[in-house]
Number of protein chains: 2
Amino acid sequence: MGTSLEPTHIDFPAERRPDPNHSDCRSVASILARVGDKWSVFVIMMLSDGPKRFNELKRMINGISQRMLTLTLRGLERDGLVTRTIFPTIPPRVDYELTDLGRGLQQPVKALGEWAMTHQDQIAAARTRFDERNGG
Amino acid sequence: MGTSLEPTHIDFPAERRPDPNHSDCRSVASILARVGDKWSVFVIMMLSDGPKRFNELKRMINGISQRMLTLTLRGLERDGLVTRTIFPTIPPRVDYELTDLGRGLQQPVKALGEWAMTHQDQIAAARTRFDERNGG
DNA sequence: CAGGATCCATTTTGATACTG
DNA sequence: CAGTATCAAAATGGATCCTG
């Protein structure tokens with residue numbers, strides 16, 4: 001392989017750990033890690049309106065390499081967010097589609113995207129100020 | 001320095017670019033990139049209930065290195081999400097606090113966290129299934 | 001078409017030592 | 001206490017070639 005899809009380990013202080021023997025925040029962290037992944041978010045968005053083929057996605061997300069698209073899709077498939085359907089034709093055809101779980105995730109992701117959308121100016125301004133006061 | 005806080009470049013296909021001359025998705029991507037950042041999310045969460053000092057945060061987020069906490073806080077400060085207040089005492093004291101912008105971001109982030117919370121079992125199960133069918 | 005395998009460059013992170 | 005500086009290790013990503 002070469003690339004691990006495993007999340008990084010995070011220790012949470014006892015006072016913050018929600019439930020001692022049910023679920024610590026590690027699993028949540030690993031999920032956030034996938035959402036945080038640049039490409040995952042875009043793939044999820046691109047699959048909003050129905051299934052897509054591999055190269056179709058590759059063209060839609062201009063700039064992603066074949067390798068990264070493969071890796072991203074594998075990760076999403078592993079998490080049960082996307083299904084992979086192979087049509088045994090020649091040439092081969094593979095469809096990727098959001099699962100119910102994936103569609104559920106889309107909602108909070110969209111909310112985040114919309115927040116980013118509506119506040120991008122404020123953030124850009126803050127960055128400029130910071131860079132001026134600083135690096136200037 | 002050594003570490004760039006700049007987002008990675010993303011090209012969007014013309015059909016998907018929301019508005020040609022106002023804002024392409026790059027800025028949104030750069031915001032998502034910060035949220036996607038493992039540590040940023042946790043720092044934002046830890047600052048929910050008021051300002052915190054550097055080492056206080058470091059203890060709360062067990063596992064983060066001093067270096068990464070510094071870098072993370074700088075990034076959040078640059079984006080206008082947290083403020084940094086220095087008390088010129090000896091020993092020095094520095095407080096970090098969420099801005100209004102930061103508190104606003106907390107909402108969608110929390111939504112995402114809650115989704116992750118409530119679906120972690122499904123995802124864990126999916127991962128196990130995938131790993132069994134696969135690596136097995 | 002849809003990848004798998006390799007190799008290499010860049011980024012990111014951690015450990016460690018030092019400072020006002 | 002709250003960092004900065006430096007170095008080494010590890011993760012990540014792209015380019016390229018190959019295959020059913």
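Residue numbers begin at 1 in each chain, while the letters A, B, ... track the order of the sequences.
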Which nucleotide sits closest to the side chain of A:Thr70: D:dG14, C:dG4, D:dG3? C:dG4
Partner set under side-chain contact (heavy atoms from CB on, under 4.5 Å) for [X], not counting sequence neighbours:
{"X": "A:Val94", "answer": "A:Arg84, A:Ile86, A:Tyr96"}
{"X": "A:Arg129", "answer": "A:Ala125, A:Ala126"}
{"X": "B:Gln107", "answer": "none"}
{"X": "A:Thr128", "answer": "A:Glu132"}

What residues, two or more places apart in sequence or in another chain, satisfy side-chain hydrogen bond (donor to acceptor under 3.5 Å, both in side chains) together with B:Asn55? none
Sorted by chain and number, sequence neighbours left out, side-chain hydrogen bond (donor to acceptor under 3.5 Å, both in side chains) with B:Gln106 holds for B:Ser48
Would you tell me if any nitrogen or oxygen in the side chain of [X] comes within less than 4.0 Å of OP1 or OP2 on [N]?
{"X": "B:Arg74", "N": "D:dG3", "result": "yes"}
{"X": "A:Arg67", "N": "D:dT12", "result": "no"}
{"X": "A:Tyr96", "N": "C:dG3", "result": "yes"}

Does A:Lys52 pair with A:Asp95 as a salt bridge, N-O distance under 4.0 Å? no
Figure out the [atom1]/[atom2] separation between [X] and [N], and round it to whole Å.
{"X": "B:Asp37", "N": "C:dT12", "atom1": "CG", "atom2": "C1'", "answer": "10 Å"}
{"X": "B:Ile61", "N": "C:dT13", "atom1": "CD1", "atom2": "P", "answer": "14 Å"}
{"X": "A:Gln66", "N": "C:dT6", "atom1": "CD", "atom2": "P", "answer": "15 Å"}
{"X": "A:Asn134", "N": "D:dG3", "atom1": "CG", "atom2": "P", "answer": "13 Å"}
{"X": "B:Lys38", "N": "C:dT11", "atom1": "NZ", "atom2": "C1'", "answer": "14 Å"}
{"X": "B:Phe54", "N": "D:dT4", "atom1": "CZ", "atom2": "P", "answer": "8 Å"}
{"X": "B:Trp39", "N": "C:dT12", "atom1": "CH2", "atom2": "C1'", "answer": "13 Å"}
{"X": "A:Leu69", "N": "C:dC1", "atom1": "CG", "atom2": "C1'", "answer": "13 Å"}

Need the bend value for the helix from C:dC1-D:dG20 to C:dG20-D:dC1: angle between end axes, 5 pairs each end, nearest 10°. 50°
Within residues 85-93 of chain A, which residues have any heavy atom lying less than 4.0 Å from an atom of DNA chain C? A:Pro91, A:Pro92
So, using salt bridge (Lys or Arg N to Asp or Glu O under 4.0 Å) as the criterion, who are the partners of B:Arg103 when residues are at least two apart? B:Asp100
Single-linkage hydrophobic cluster, 4.5 Å side-chain cutoff, B:Met46 and B:Val41 together: yes
